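Notes follow once the structure below has been shown.
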Amino acid sequence: MLRFTPLPTPPPSSSLTPSPTTILKPVTTTHSSPCRRCLHDGLPGQTMLLLQYNPFPSPQSPYTVPGPIYVHADLQDCIPFQCDGRVPEQQRRRLLAVRAFDEKNMMVGFAVVEGEELGKKAGEMLGEDGVGFLLVYYAGPGCFAVRVDRA
Ligand SMILES: [Zn+2]
């Protein structure tokens, strides 16, 4: 059983308002703006916040690099994701980079998979010795998608 967590560390509250590193972005095309709070893509007509985010827990490691993510700007468009153990639809239809980390946040494995294969691959990687958790990124743009743990 797998647990998918969209925002494993809370984004700084200062990043949730427009600033030099957080911008408001209107959605113009379907599937262009995947929200990391509800794990639904922004719909045309909605507005997203584009902000920097670091999904790593403490302690820090050389791999803790913040990257860009989207979240819905209007919380009425965004019901927080509830994990049911299945790969979220948002990840199932994208090419993903899956990175395995140990308890010291050091990378100990990686793979690139089609989203439909994420559940199988994540189960295999989490079954390996020394793997504590997985961080999944969208393979093209390289932005954080979701964290995966053993449930
Ligand atoms: Zn959302």
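Everything numeric here is computed off the predicted structure, so don't read it as measured data. Counting starts at 1 for both ligands and their atoms, following the listed order.
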Practice task
Kindly state each residue pair satisfying side-chain hydrogen bond (donor to acceptor under 3.5 Å, both in side chains) with at least one member in residues 102-111, sequence neighbours excluded.
Solution key: none
Problem - For D41, all residues meeting salt bridge (charged side-chain N to carboxylate O under 4.0 Å, His left out), sequence neighbours excluded - result: R93, R94
Handout entry: Parallel, tilted or perpendicular, as decided by the 30° and 60° cut-offs, for the rings of Y53 and F144
Key = tilted
Problem - With F133, the side chain to side chain contact (heavy atoms under 4.5 Å, CB included) member among P57, P55, P8 - result: P57
Completion exercise
Hits for salt bridge (charged side-chain N to carboxylate O under 4.0 Å, His left out) against D149, two or more places apart or cross-chain, chain-then-number order -> R3, R147
Handout entry: Donor-acceptor contact below 3.5 Å, side chain T9 vs main chain N54
Key = yes
Problem - Protein N, O or S within less than 2.8 Å of the Zn ion (ligand 1), waters excluded - result: C35 SG, C38 SG, H72 ND1, C78 SG
